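A short worksheet on the structure shown next.
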2 protein chains.
Amino acid sequence: MSIETDIKQKKFRSPYQRLALNLIYTSNWIQYQQVDGFREHDITSQQYNVLRILRGQYPSPIKVSDIAERMLDKNSNTSRLIDKLLAKKLVDRKSCPNDRRAVDVVITEAGLELLKKLDPVVDEWDNNMNAITHEEADLISSLLDKIRESKNNN
Amino acid sequence: MSIETDIKQKKFRSPYQRLALNLIYTSNWIQYQQVDGFREHDITSQQYNVLRILRGQYPSPIKVSDIAERMLDKNSNTSRLIDKLLAKKLVDRKSCPNDRRAVDVVITEAGLELLKKLDPVVDEWDNNMNAITHEEADLISSLLDKIRESKNNN
DNA sequence: ATACATATAATGTTGAAACATCTAATCAGT
DNA sequence: ACTGATTAGATGTTTCAACATTATATGTAT
């Protein structure tokens with residue numbers, strides 16, 4: 001459905017405004033799918049995001065601040081997210097030997113297994129985008145990059 | 001900056017996955033701007049969203065459920081959002097004469113004035129997208145619509 | 001070496017989101 | 001008209017997000 005129909009707004013102040021609303025709306029739409037899908041695995045999208053970052057580094061540990069830097073939601077409270085993951089034994093945490101302020105985090109076997117189980121589910125969500133081509137997806141990605149880029153140079 | 005750099009992830013499982021992450025990331029990025037900008041006006045993005053919906057109907061009233069339907073975040077608790085707006089005297093609320101279950105909401109003069117003050121600010125955010133053209137913005141919008149459309153038909 | 005600034009993570013607090021439940025009004029079928 | 005189902009909105013509760021503050025460790029300049 002067009003964004004006009006979805007939010008029942010006929011006119012926008014500019015194509016940019018329509019795009020901004022569409023981006024937020026579509027992002028929410030994607031995230032609802034995820035929240036629903038992750039619920040039965042007793043994990044949140046943010047926790048999943050952390051686990052995936054940890055897998056990207058595995059078997060190397062990674063500091064809490066580096067995790068925070070890589071998250072989609074830069075405001076998330078990484079300390080407490082890791083508390084939750086630790087309670088579920090999906091990650092290990094130990095003080096970093098080189099810098100006693102820092103804390104090293106590693107994904108556990110159980111964490112890796114959970115991700116493995118979730119991979120096909122997540123792939124399926126992503127592939128639900130196949131109403132557009134790979135090339136179109138890449139085109140959007142590069143245009144979004146361009147949008148964010150320009151603002152940083154203000 | 002490219003999404004690869006922003007979230008420091010070099011490889012994605014597919015162009016669709018990169019797009020999904022980019023959409024969420026960019027949506028968050030847009031919303032942070034808004035939260036910051038609205039703060040000094042003592043209003044949240046969601047409250048702003050409600051006010052804009054109300055202005056779209058002005059001077060007609062609109063039911064709470066109709067507001068909920070038009071919101072970007074379909075899960076928001078519209079009742080309590082309107083409580084907040086009422087407390088700031090930005091909206092009026094009265095029982096709907098035709099259906100005593102329903103509640104009619106109208107934006108007040110103060111609400112309209114606030115929106116008027118915010119319009120140039122919001123336009124400026126939207127126009128920060130001018131690293132891409134109007135045509136490119138419309139192209140993205142229509143591709144996003146296509147993505148959501150396909151899922152509804154599953 | 002000391003003092004001050006910065007970096008890192010944890011914690012405290014407040015308000016909102018998420019979700020379920022509840023009440024009242026309306027509708028639909030008999 | 002009566003029953004059950006549905007709709008609309010409000011409210012209760014728990015968890016989480018947002019933001020500020022704190023504690024400790026490290027870096028830097030004198």
Side-chain angles (χ1 to χ4, degrees), chain A residues 24 27-29 31-50 53-54 61-88 91-106, chain B residues 24 27-40 42-50 53-54 61-88 91-106:
Chain A
I24 295 171
S27 166
N28 287 340
W29 179 85
Q31 291 183 82
Y32 292 147
Q33 286 188 293
Q34 295 188 348
V35 169
D36 277 354
F38 287 143
R39 183 173 298 128
E40 62 177 302
H41 298 280
D42 193 31
I43 197 178
T44 67
S45 313
Q46 297 230 343
Q47 289 170 11
Y48 174 75
N49 192 204
V50 171
I53 290 166
L54 292 173
I62 175 174
K63 291 192 296 173
V64 172
S65 56
D66 290 335
I67 297 172
E69 210 181 4
R70 294 175 193 205
M71 292 203 61
L72 295 174
D73 181 349
K74 301 298 188 198
N75 275 1
S76 35
N77 192 329
T78 317
S79 276
R80 276 194 268 239
L81 271 177
I82 291 170
D83 284 345
K84 298 280 166 56
L85 291 171
L86 196 66
K88 295 174 204 161
V91 304
D92 276 337
R93 178 168 64 181
K94 59 175 187 298
S95 176
C96 172
N98 307 332
D99 183 343
R100 280 188 302 165
R101 288 170 305 183
V103 170
D104 274 340
V105 183
V106 187
Chain B
I24 295 171
S27 166
N28 286 340
W29 179 85
I30 291 174
Q31 291 183 82
Y32 292 148
Q33 287 188 296
Q34 295 188 348
V35 169
D36 276 354
F38 287 142
R39 182 173 300 130
E40 63 176 301
D42 193 31
I43 197 179
T44 67
S45 312
Q46 297 231 343
Q47 288 169 13
Y48 173 76
N49 192 203
V50 171
I53 290 165
L54 291 173
I62 175 174
K63 291 192 298 170
V64 172
S65 55
D66 290 335
I67 297 172
E69 211 181 2
R70 294 175 194 206
M71 292 204 60
L72 295 174
D73 182 347
K74 302 298 187 198
N75 275 1
S76 31
N77 193 328
T78 316
S79 276
R80 278 195 264 238
L81 270 177
I82 290 169
D83 285 345
K84 296 282 164 57
L85 291 171
L86 196 66
K88 294 175 205 162
V91 304
D92 276 337
R93 178 168 63 179
K94 57 177 188 298
S95 177
C96 172
N98 307 332
D99 184 342
R100 281 187 302 163
R101 289 170 305 182
V103 170
D104 274 340
V105 183
V106 187

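Below, read A as the first sequence line, B as the second, and so on, with proteins coming before strands; counting in each chain starts at 1. Computed from a predicted structure; not experimentally measured.
Applying the 4.0 Å criterion to OP1 and OP2 of dC16(D), one finds that Lys84(A) has a side-chain N or O inside that range. Within the structure, a side-chain polar atom (N or O) of Ser65(A) is placed less than 4.0 Å from OP1 or OP2 of dA9(C).
Rounded to an integer number of Å, the gap from NZ of Lys63(A) to C1' of dA10(C) is 16 Å. Spacing between atom CZ of Arg80(A) and atom C1' of dA9(C) amounts to 11 Å, rounded to whole angstrom units. The separation between Asp83(B) atom CG and dG12(D) atom P is 12 Å, rounded to whole Å. When the P atom of dG9(D) is taken as reference, atom CD of Glu69(B) falls 11 Å away, rounded to whole Å. Straight-line distance from the CD1 atom of Ile82(A) to the P atom of dA9(C): 8 Å, rounded to whole Å. Summarising the geometry, the separation between CZ on Arg101(B) and P on dA25(C) is reported as 10 Å, rounded to the nearest angstrom. Separating the CD atom of Gln46(A) from the P atom of dA18(D) is a distance of 8 Å, rounded to the nearest angstrom. In this entry the distance linking NZ of Lys94(A) with C1' of dT8(C) reads 17 Å, nearest Å.
Residues Pro97(B) and Arg93(A) each lie close to DNA chain C; by heavy-atom proximity, the contact nearer the 5' end of the strand is made by Arg93(A). Along DNA chain D, the nucleotide nearest Thr44(A) and the nucleotide nearest Val35(B) are compared for position; the residue whose nucleotide lies closer to the 5' end is Thr44(A). Across the interface with DNA chain C, nearest-nucleotide mapping of Asp36(A) and Asp99(A) shows Asp99(A) to be the residue nearer the 5′ end.
Residue Ser79(A) is classed as a base contact, given a heavy-atom separation below 4.0 Å to a base. In this structure, Asn77(A) reaches the bases: a heavy-atom distance under 4.0 Å links it to at least one base atom across the strands shown.
A salt bridge links Asp36(B) and Arg39(B); the closest N-O separation between the charged side-chain nitrogens and carboxylate oxygens is under 4.0 Å.
The side chain of Arg39(B) approaches dC19(D) more closely than any other nucleotide in the set dC19(D), dG9(D), dA25(D). Nearest to the side chain of Arg100(A), among dA25(D), dA9(C), dA17(C), sits dA25(D).
For the residue pair Ser65(A) / Glu69(A), no side-chain donor-acceptor distance below 3.5 Å is found, with atom types taken as modelled.
At least one donor-acceptor pair under 3.5 Å links the side chain of Lys88(B) to the backbone N or O of Asp42(B).
The shortest side-chain heavy-atom distance between Lys94(B) and Val103(B) does not fall under the 4.5 Å cut-off. By the 4.5 Å heavy-atom criterion applied to side chains, Leu81(B) and Asn49(B) are not counted as neighbours.
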